[in-house]
Protein chains: 2
Amino acid sequence: MARLEDVARAAGVSASTVSRALSRPDMISESTRHRVLAAAEELGYRHNAAARALVTGRTGLLAFSVPSLANPFYAPVIAGAQEAAEKAGCELIVVVTDGSPEREKALMDRLADRVDGFAAAGPRSTGDTLAAVARRLPLVTLNRRVRGASSVVIDTPAGMTGLGAHLAGLGHRRIAYLGGPDAGSWLDPRRLRALRESVPDREVVALTPYPPEFEAGVRATDAVLETGATAVVAYSSTLLLGLLHRMTTLGLSAPGDFSLACADDLSAAGLALPDITALHVPAAEAGRRTVERLLELAAGSRGESATHQLLPVELLVRTSTGSPATP
Amino acid sequence: MARLEDVARAAGVSASTVSRALSRPDMISESTRHRVLAAAEELGYRHNAAARALVTGRTGLLAFSVPSLANPFYAPVIAGAQEAAEKAGCELIVVVTDGSPEREKALMDRLADRVDGFAAAGPRSTGDTLAAVARRLPLVTLNRRVRGASSVVIDTPAGMTGLGAHLAGLGHRRIAYLGGPDAGSWLDPRRLRALRESVPDREVVALTPYPPEFEAGVRATDAVLETGATAVVAYSSTLLLGLLHRMTTLGLSAPGDFSLACADDLSAAGLALPDITALHVPAAEAGRRTVERLLELAAGSRGESATHQLLPVELLVRTSTGSPATP
DNA sequence: TTGAAAGCGCTACCAC
DNA sequence: GTGGTAGCGCTTTCAA
């Protein structure tokens, strides 16, 4: 592999000049720059990332941890994050925690000095652990707010409030809630609470937790029917799909036999359901904001104080919700 | 951040000794080792990855590129890969190419000297590009075979042969094939060809390409019905889900009205369909093998020759396929 | 078994 | 605008 000095020799200049020609082109005369660039090209020169990181303390890498890749919610999140990283000339690397706090902590630990910043989607570690990480390197949490770290949170609880009002307005008196994809999610209990508080005079039956799986939705159907609820809110699209399938098979349909709503509209993940009333969650936007904030932290002075962003969701009222049949 | 020398001073030994105590414990007397380890612990010492990489030439990082995270097939692949990497004490980092050959090439380029090896799932670059990458660093391709690079391929074409025979045996004379998730997939045309060749005296109508999306399956239904086929083979689970939903809504069911089969059984991605005849693809196993081979290459001598693994798939005959109704 | 010293490839400071 | 030089933090000869 060609080194800086090889290029220097070939171009008839010093190594410092080559370094500048490559990293700070404006500090170099045009003619020298051309010569250096030509020589570098000729030799197929490439920066040695380790040497550069050693002296600058920067790696050009940003880590993004997700609990699981099986949850389609993270696909658009990562896509948005990637876009923001690319714009800043950074590489975004994705790591999977499997929802394990230990694994998550180990990952942050081992990656801490190999990346310029760490974004954690739905982190499961304790607040103290996260705060400690935030002291070591730029950290942004997505869909969880902790003291001492910047965060981006999609306001699905507020969305649930809207959804609850919508269903109550239609006259539903008993609503079944199919819990979030992850038992340890910070947001999940907040969503349920928001739903409950939005319809204080109605009954909300929580069926939870259910994994975000098609078959889980199929299995959940009987439980839902047993509750006697006239409306169902499912947190995950995949889950709703299974529920819908089973209900259709049983000859039931929305909104005639029951109302159906979904708390995440995963259009970007190929799971959008055209006629289902849903909360549109700005997943890509959330990923983008997370990385943008991370870049700010990485560029800025240490000890900058944490910021917290709350992203609104949109209620998409479609044809799967309506007034309950009056028996 | 504590450096090696800080630990050395604290333990009353030289930096070399600390280095050895940490990396080659067997070269050090037990008492010294204990002292060093205690001092390191005390100071919260952590290796500096950049410095280490600079001198050893190894980073402890393995990259795994995937075309898209929206395709649930890759979730179990990455999970298996992760497991293998963990076992070897490496970090697995995932990068997304968006199915763009340019992006893929750029990623390999920019990551080449920051990782110890590169695994590429369903790569879209030309064979020459991939071969060139393989000359620079250990490279393993998944679900694509190219000259000059090691590969792991899941033998879905053979699975299609089995599936074709199964459907022909049931008496189906016209079979609709819903194409693979990715237009540029190396395997997709091979699957279709295998299906065709397995039933030379039957008609195979290829409806392709369809993205792996629920709604695409819904949309595809009319096209499928128009073909007059009595059996449908869908490549993607997500697609099949949409198809199934629409057909159920239309009052059609399998295997009475038509036979239904799926070419990937994504149980690990939460999309398994309990009653659907499907090919079980060993996705996690494929991810594991890919990384294991990568580790061999990274450990072994340069210029080791490429190996090619073919992983069998299993035909799971379930209740969604049967003999066509005789009109 | 341990220590001293060289050096991995680069950037940044200080002269010129 | 350019070159010399020091040094980032570590591993690894080589001597003791």
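Chain A is the first sequence line, chain B the second, and so forth, proteins listed ahead of strands; every chain is numbered from 1. Below, each value reflects all heavy atoms present in this structure, side chains not excepted, and no hydrogens, waters or symmetry copies. Note that this is a predicted model, so its numbers are computed, not measured.
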Using whole Å, what does the distance between atom [atom2] of nucleotide [N] and atom [atom1] of [X] come to?
X	N	atom1	atom2	value
B:Arg35	C:dT2	CZ	P	8 Å
A:Leu54	D:dT11	CG	P	12 Å
A:Glu30	D:dG1	CD	P	12 Å
B:Leu4	D:dC10	CG	P	5 Å
B:Arg52	C:dG9	CZ	P	18 Å
A:His47	C:dC8	NE2	C1'	16 Å
A:Arg114	D:dG9	CZ	P	17 Å
B:Met27	D:dT12	CE	P	9 Å

Check your understanding: Closest approach of B:Val36 and B:Ala21, non-hydrogen atoms and distance?
Key -> CG1-CB, 3.6 Å
Counting only side-chain nitrogens and oxygens, does [X] get under 4.0 Å of the OP1 or OP2 atom of [N]?
X	N	result
B:Ser23	D:dT11	yes
B:Thr17	C:dG3	yes
B:Thr32	C:dT2	yes
B:Arg24	D:dT12	yes
B:Ser19	D:dT11	yes
B:Thr56	C:dC8	no

**Study point:** B:Asn48 or A:Asp26, whichever maps to the more 5' nucleotide of DNA chain D
**Key:** A:Asp26
Revision key, fill the gap. Sorted by position of nearest nucleotide on DNA chain D, 5' first, the leading residue of B:Arg20 and B:Tyr45 is B:Tyr45
Practice item. Test B:Leu311 against every option in B:Val281, B:Val153, B:Val152 by the side-chain contact (heavy atoms from CB on, under 4.5 Å) rule and name the one that passes. Key: B:Val152
Exercise for review: Report which part of the nucleic acid A:Ser16 touches: base, sugar-phosphate, or nothing (heavy-atom distance under 4.0 Å, all strands).
Suggested key: base
Check your understanding: Taking it one step at a time, do B:Thr290 and B:Phe64 satisfy side-chain contact (heavy atoms from CB on, under 4.5 Å)?
Key -> CA-CA 9 Å; B:Thr290 301; B:Phe64 205 124; 4.2 Å; yes
Exercise for review: Might you work through the salt bridge (Lys or Arg N to Asp or Glu O under 4.0 Å) test for A:Glu102 and A:Lys105, ending with a clear yes or no?
Suggested key: CA-CA 5 Å; A:Glu102 294 74 35; A:Lys105 186 172 186 310; over 6 Å; no
Review point. Is there a donor and acceptor pair, one atom on the side chain of A:Ser14 and one on the base of D:dG4, closer than 3.5 Å?
Key: no
Practice item. List the steps, then state whether salt bridge (Lys or Arg N to Asp or Glu O under 4.0 Å) holds for B:Glu296 with B:Arg293. Key: CA-CA 5 Å; B:Glu296 280 176 27; B:Arg293 180 62 188 141; 2.6 Å; yes
